[in-house]
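Along the sequence shown, the residues carry numbers beginning at 1.
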Amino acid sequence: MVYPRFMADSFWNFSEACELVGARYPAIPLGLITVAALLPKSWNVRLVNRNTEELADSDLDWADMVMTGGMLFQQSDSLELIDMCRARGLPVVVGGPDATSSPHRYESANFRVLGEVEDIIGQFIADWEQGVREGMYVAPKFQVDVTKTPVPRFDLLKFEQYLYIGVQFSRGCPFTCEFCDIIELYGRSPRTKSHDQMLAELEALYRLGYRGHVDFVDDNLIGNKKAIKAFLPTLEKWIEQHDYPFEFTTEASLNLADDGELLAMLKRSNFFAVFVGIESPDTETLIAMRKKQNTRRSIPESVHKIYHAGMFVTAGFIVGFDTERGSVAEPMIELIEESAIPIAMVGLLYALPNTQLTRRLAREGRLHVDHDSAPAGKGDQCTAGVNYETKRSRLEILRDYRKILERVYDPDAFCGRLERLAGMLDCSNRRKELPEGDIRRRLSTINMVHELLSRLPEGRERFWKAFTACMSRNPQSVRAIVTLMAFYLHVGPYSRYVMKQIDRQIEDLEQGRFVAPKLLPPVAPERVAVNA
Ligand code: SF4
């Protein structure tokens, strides 16, 4: 099993933060190790993650087949890997979200296993055992009963290579955000695993000796509130009985803030951070993108409620929607500042394959021809976004985007948000000591704070001032504050790298050098529906 490399320059790789604690990449290849658990016991599996280690010729010589797959921003490495294997006569099986959304991009693989694999992998295995060496298997949508999904093969991982380990409780989300592919891949009725199943996964990690940060990778952990509320007391009991070996994070929609009981349950179950999609400060834009759950509320107040429950918030923001009237830079900066969100992932809108947005743009004839191929060279939605013809001028969108990055990741602004966060984050009842074996213990010493500060590219004194202010205001917040400072090691320089790329794009537009990509001809609604 080979997990393809993500594009080198990305907001998400947190490479400097990984280096600080001796890890190589933030997240594990949870999909592949879940597939590994579905294979016959007699099949030997070797896992190589190209984000953390080299794929050696000897690995390929050893294998009878290669299984691979990933997301859009792994596409170019996946295709390279497929070519490499085929040149050696080694059969390749590809699956995962990008192959499912854009199967035509992966025609060079011997096998395409598309959709959720649990119910179709058996047919693939039977065919393989019969000597079949080409084929395509497509899972019926949203049918998999996740209560039957086996415990992922965590034993295949080298834990020390990762910042955190992922587990999954649910698939699917009830909301309808126009740009989102989750609801197309996993549906709008969240399916959840059983309590015993989740405990078996945590037990497996515990027995393998893992201690530390565990991320519930669910795209919206509270998509089925009833189910998560039923599970959390079980989790709370387990974690207490095992003397708090793990601390959790997850992703959730902002309506989490409306449920005080749920917030308290998450706090008691040792959740310390949550990623929330905020997207835009503009109500009209939120309505148009069908993110109504973020409207009719004060977003800063909602974020602060989550802080009062002991979890810091990282959040996603997007620039480039059709309904943006004039500049969105100032309102977005204001929102990030008022909410006191230190790590705000601000990206350009990217029309992902297999979304309502992409189908609409296709109908309107506004999609770039290569919209579903991973952007050439390096980058993610920060540098390669806006893969469609915009309504507002492209130049204005890019100028707005640059301004937001410049202001939000100015060291002084970042430190100010840290200080305000420390004033709100309720870390009472949180274990002060991390368990033995948790790589983050290295971050909790004063030496590490000095090490971190010495690596900060600029504003060192400002960061030290912020650290001491946070400590005097809320000593229990130390771990969260140091963690966020460690993330700045990556996002600070990365935002400046993105600004340079955007400057080039702005200059090209201003100088008339920008060549607009060709557009796909408008697609008739029936055709879009068939593709969907
Ligand atoms: S809330 Fe998140 S996961 Fe759910 S539809 Fe919106 S973007 Fe997708």
Side-chain angles (χ1 to χ4, degrees), residues 1-7 10-15 17-39 45-55 59 66-74 77-78 81 94-98 116-118 146 149-171 182 185-186 193 197-219 221 245-251 271-273 275 314 435 437-440 483 487 490:
M1 299 202 140
V2 184
Y3 196 51
R5 260 192 292 263
F6 281 91
M7 302 265 182
S10 163
F11 183 94
W12 294 108
N13 67 32
F14 294 115
S15 46
C18 289
E19 201 190 308
L20 194 68
V21 291
R24 297 189 193 166
Y25 203 74
I28 63 165
L30 183 60
L32 277 183
I33 62 168
T34 303
V35 175
L38 290 158
L39 299 177
V45 179
R46 186 182 289 184
L47 173 72
V48 178
N49 180 350
R50 299 244 282 172
N51 299 284
T52 60
E53 58 206 345
E54 290 301 318
L55 174 66
D59 293 321
V66 167
M67 292 183 143
T68 189
M71 301 189 233
L72 174 66
F73 294 110
Q74 293 167 285
D77 197 48
S78 305
L81 177 70
V94 70
D98 193 45
E116 295 171 85
V117 296
E118 282 91 336
V146 293
T149 301
V151 174
R153 289 277 312 271
F154 295 116
D155 58 295
L156 294 172
L157 302 171
K158 300 176 185 91
F159 291 139
E160 70 283 0
Q161 293 185 343
Y162 300 97
L163 274 188
Y164 52 82
I165 302 299
V167 294
Q168 185 182 48
F169 175 61
S170 67
R171 289 185 202 163
I182 295 306
L185 290 165
Y186 305 113
K193 290 181 181 166
Q197 217 179 344
M198 283 316 300
L199 294 191
E201 295 196 17
L202 297 175
E203 278 290 344
L205 281 173
Y206 184 81
R207 286 213 196 102
L208 287 164
Y210 181 73
R211 301 290 182 272
H213 178 178
V214 172
D215 183 49
F216 277 81
V217 301
D218 307 43
D219 295 285
L221 185 70
F246 307 137
E247 277 194 321
F248 301 110
T249 54
T250 194
E251 296 188 13
F271 279 77
F272 72 95
F275 180 93
T314 53
D438 184 334
I439 53 170
R440 294 170 308 153
T483 301
F487 285 155
H490 173 67

Subject >> Results of side chain to side chain contact (heavy atoms under 4.5 Å, CB included) for A273 - residues two or more places apart only >> reply: T249, F312
Original post:
How long is the span from the CG atom in L55 to the CZ atom in R5, to the nearest 0.5 Å?
Top reply: 9.0 Å
Subject >> Exercise: identify the closest heavy-atom pair between P29 and N49 >> reply: CD-ND2, 4.0 Å
Subject >> Any donor-acceptor N/O pair, Q197 side chain to V146 backbone, under 3.5 Å >> reply: yes
Original post:
With sequence neighbours left out, what residues match F154 under ring pair (Phe, Tyr, Trp, His ring centres under 6.0 Å)?
Top reply: none
Subject >> R24: partners by side chain to side chain donor-acceptor pair (under 3.5 Å), with sequence neighbours left out >> reply: none
Original post:
What distance do D218 atom CG and Q168 atom CD have between them, rounded to the nearest 0.5 Å?
Top reply: 5.5 Å
**OP:** Mind checking salt bridge (Lys or Arg N to Asp or Glu O under 4.0 Å) for D438 and listing every partner two or more places apart, or none if nothing turns up?
**Re:** R440
Original post:
Looking at CE of M198 and OG of S170, how far apart are the two atoms once the value is rounded to the nearest 0.5 Å?
Top reply: 9.5 Å
Subject >> Set of salt bridge (Lys or Arg N to Asp or Glu O under 4.0 Å) partners for E201, sequence neighbours left out >> reply: K193
What pairs of donor and acceptor atoms, side-chain ones from residues 202-212 against any protein atom, are under 3.5 angstrom apart with sequence neighbours left out?
| from | atom 1 | to | atom 2 | distance (Å) |
| --- | --- | --- | --- | --- |
| E203 | OE2 | W238 | NE1 | 2.9 |
| E203 | OE2 | H242 | NE2 | 2.9 |
| Y210 | OH | H213 | N | 3.4 |
| Y210 | OH | H213 | O | 2.8 |
| R211 | NH1 | Y206 | O | 3.1 |

**OP:** State, to 0.1 Å, how close L163 and A23 come at their nearest heavy-atom pair, and which atoms those are.
**Re:** N-CB, 3.9 Å
Original post:
Could you give the distance from CG (L185) to CD (E116), rounded to the nearest 0.5 Å?
Top reply: 8.5 Å
Original post:
side chain to side chain donor-acceptor pair (under 3.5 Å) with T250: which residues, sequence neighbours excluded?
Top reply: none
Original post:
Counting N and O atoms only, with roles assigned by atom type, does the side chain of E118 sit under 3.5 Å from a partner on the main chain of T149, one being a donor and the other an acceptor?
Top reply: no
Original post:
Roughly how far, to the nearest 0.5 Å, is the CG atom of N51 from the CD1 atom of I28?
Top reply: 12.5 Å
**OP:** Starting at CG of L30, measure out to CD1 of I165 and round the result to the nearest 0.5 Å.
**Re:** 9.5 Å
**OP:** Could you tell me which residues satisfy ring pair (Phe, Tyr, Trp, His ring centres under 6.0 Å) with F487, sequence neighbours excluded, listed by chain and number?
**Re:** F14
Original post:
Pairs in or reaching into residues 157-170: which pass salt bridge (charged side-chain N to carboxylate O under 4.0 Å, His left out), with residues at least two apart or in two chains?
Top reply: E53-K158
Original post:
Considering residues at least two apart in sequence or located in another chain, which fulfil the ring pair (Phe, Tyr, Trp, His ring centres under 6.0 Å) criterion with Y162?
Top reply: none
Subject >> side chain to side chain donor-acceptor pair (under 3.5 Å) against R153, all qualifying residues, sequence neighbours excluded >> reply: D155
Subject >> For T52, side chain to side chain donor-acceptor pair (under 3.5 Å) partners two or more places apart >> reply: Q161
Original post:
Angle class for the F271/F248 ring planes (parallel below 30°, perpendicular above 60°, tilted otherwise)?
Top reply: tilted
**OP:** Apply the test side chain to side chain contact (heavy atoms under 4.5 Å, CB included) to residues F216 and V167: give CA-CA distance (whole Å), side-chain angles for both, the deciding distance (0.1 Å), then the verdict.
**Re:** CA-CA 5 Å; F216 277 81; V167 294; 3.9 Å; yes
